[in-house]
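Here's the structure, in structure tokens; my notes come after.
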Protein chains: 2
Amino acid sequence: MYSFAEENYLKAIYKLQEHSDLAVNTNSIATSIQTKAASVTDMIKKLSDKKLLKYEKYKGVELTNLGKKIAIETVRKHRLWETFLHDKLKFAWDEVHDIAEQLEHIKSSELIDKLDEYLGFPTHDPHGDPIPGRNGVIIQSNFVLLSELKVGESGVISGVVNHSSVFLKHLEKNGLTLGKKVQVKEIGEFDQLVQLLLSTKESILVSNEVVKNILVKIQYS
Amino acid sequence: MYSFAEENYLKAIYKLQEHSDLAVNTNSIATSIQTKAASVTDMIKKLSDKKLLKYEKYKGVELTNLGKKIAIETVRKHRLWETFLHDKLKFAWDEVHDIAEQLEHIKSSELIDKLDEYLGFPTHDPHGDPIPGRNGVIIQSNFVLLSELKVGESGVISGVVNHSSVFLKHLEKNGLTLGKKVQVKEIGEFDQLVQLLLSTKESILVSNEVVKNILVKIQYS
DNA sequence: AATAATTTTTAGATTAGCCTAAAATTATTT
DNA sequence: AAATAATTTTAGGCTAATCTAAAAATTATT
């Protein structure tokens, strides 16, 4: 059984090494977990002793298979709880993260499997992130940044890069929620503002910063 | 915000003082929380500093209104989560306690209110224990021990005194679950074995130890 | 009322997780 | 390649929650 802190470290390291197979360095862990480098060094020594990661002084860390397993289980719990909070308890998508950060540490594999079943074995959480299966397999969706679309192209909003509450609220206010179809109408040459056509025929103008943080599934028509 | 340990102490003290208005002594807390008396002394000093209880050396403790409030909130959370686990996730009534012990410490009043609503504002948990309301009010039901019934009298099973898994499993096996109507048919003069008539017309024989741990709502016919 | 038994508290340690400040190592400039 | 900058580790401390063993206080017994 692992502590809350241990699970948080494993999850943070997992996310840092996810999109690059280099060793994860101390400072980046410290930043991502909002703590000090000295604390990170303490903890990675402990995790190394427990065979959850490989650690070489001054050379960063890499999760072992065991460490990766625990990290993925924690991500699975987090995303299932987020789905529960959103789908069943009707929390807004910007409200689910903080509560799920607590719920993800509840110890009971039976609980999480029953929750999974109760939710109908969802594949993605309220932000479009994939939910790892019981077996730890994560189905990678081939989503693309909305900023990659050219004028005239369409896509269905399927995820977000930025998970901050302020960004999610902004999307909500503009009707840019998961499942919505958008078409790029025009991209401002001077300021890169993007005009989007929604399926409601409504047309909205959003900044480049917004489209760079939205993931879409391309629609070929 | 209170720690898990603090909430557990408050809950334990609350339950010990619930059915007697004497001060709660150190040893009984230690026993109920499965720790040592020295640890209890340490903790009650801290809780006393935080105005959660009144403590006089060698004379036991009494919760303040604030302490009682936190304790009741924790009980409310525990019982709502038990209800969720049983009603929605279909856990057996002997399986819900341990998981709820963890879930009761999740910090979010919005969460617990939404859960309450989602469950349809239940008044009792899967063991028949009353669920405190948002306001902290606990509706006391006037249940009676099944062992108090005389031959010929009937009642509806509404709660249990013993919450142990082995006892609950035993009841389940005998069809003695919440809501079931039972009539006392005969009480053995020699060994006090009780013959119960179920509404299925089935007749079962149970020990005195069993009827002493079942609460019923008397049925006047 | 004195002694014995029990309960409670204190004293002193331990572990997990975090911190600051200083030292050690590695990376980057000039 | 030496000097400077940045990163990482170590050393030493802190707090929360626990423990054991010993001392103090209370309660029960003779």
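So you know, we letter chains A, B, ... as the sequences are listed, proteins then strands, and number each from 1.
Remark: C1' of D:dA16 and CZ of A:F4 are 15 Å apart, rounded to the nearest angstrom. Going from atom OH of B:Y55 over to atom P of D:dA25 covers 12 Å, rounded to whole Å. For B:K36 and D:dA16, the NZ to C1' distance is 19 Å, given to the nearest whole Å. If you take CG of A:D49 and P of C:dT15, they are 14 Å apart, rounded to a whole angstrom. If you measure from atom CG of B:N25 to atom C1' of D:dA25, you get 15 Å, rounded to the nearest angstrom. At whole-Å resolution of the value, CD in B:E56 and C1' in C:dT8 are 14 Å apart. Look at CG on A:D42: it is 12 Å from C1' on C:dT20, rounded to the nearest Å. Between A:I29 atom CD1 and D:dT9 atom C1' the separation is 14 Å, expressed in whole Å.
Ring-plane geometry between A:F4 and B:F4 is classed as perpendicular, the angle between the planes exceeding 60 degrees on a 0 to 90 degree scale with a lower cut at 30. Taking the six-membered ring for Trp and thresholds of 30 and 60 degrees, A:H124 and A:F143 have ring planes inclined between 30 and 60 degrees apart.
Under 4.0 angstrom from either OP1 or OP2 of C:dC19 there lies at least one side-chain N or O belonging to A:S39. Between D:dT8 and A:N27, a contact under 4.0 Å exists linking OP1 or OP2 to a side-chain N or O. Taking only side-chain nitrogens and oxygens, A:Y9 never comes nearer than 4.0 Å to OP1 or OP2 of C:dA16. Contact check, B:K59 against D:dT26: no side-chain N or O comes under 4.0 Å of OP1 or OP2.
Residues A:E95 and A:H86 fail the side-chain proximity criterion, which asks for heavy atoms closer than 4.5 Å.
Mapping B:A37 and A:Y58 onto DNA chain C by nearest heavy atom places B:A37 at the nucleotide closer to the 5' end. Toward the 5' end of DNA chain C, the nearer of the two residues A:M43 and A:K57, judged by each one's closest nucleotide, is A:M43.
Residue contacts shown for B:T41 include a base, since a base heavy atom lies under 4.0 Å away.
Heavy atoms from other residues, nucleotides or ligands lying under 6.0 Å from NZ of A:K88 number more than 12.
Ion pairing of B:K36 with B:D42 is absent here, as no side-chain N (NZ or NE/NH1/NH2) approaches a carboxylate O to less than 4.0 Å.
Screening residues 16-34 of chain A for salt bridge (charged side-chain N to carboxylate O under 4.0 Å, His left out) gives no qualifying pairs among residues at least two apart or on separate chains.
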Once pairs are restricted to Watson-Crick or G-U wobble with both distances under 3.5 Å, how does DNA chain D read as a dot-bracket string, [ ] for crossings and | for other-strand pairs? ||||||||||||||||||||||||||||||
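Under the 3.5 Å distance criterion, with hydrogens and angles disregarded, a donor-acceptor pair is assigned to the side chains of B:N8 and B:H105.
Picking from C:dC18, D:dT9, C:dT20 the nucleotide with the shortest atom distance to the side chain of A:A5 gives C:dC18.
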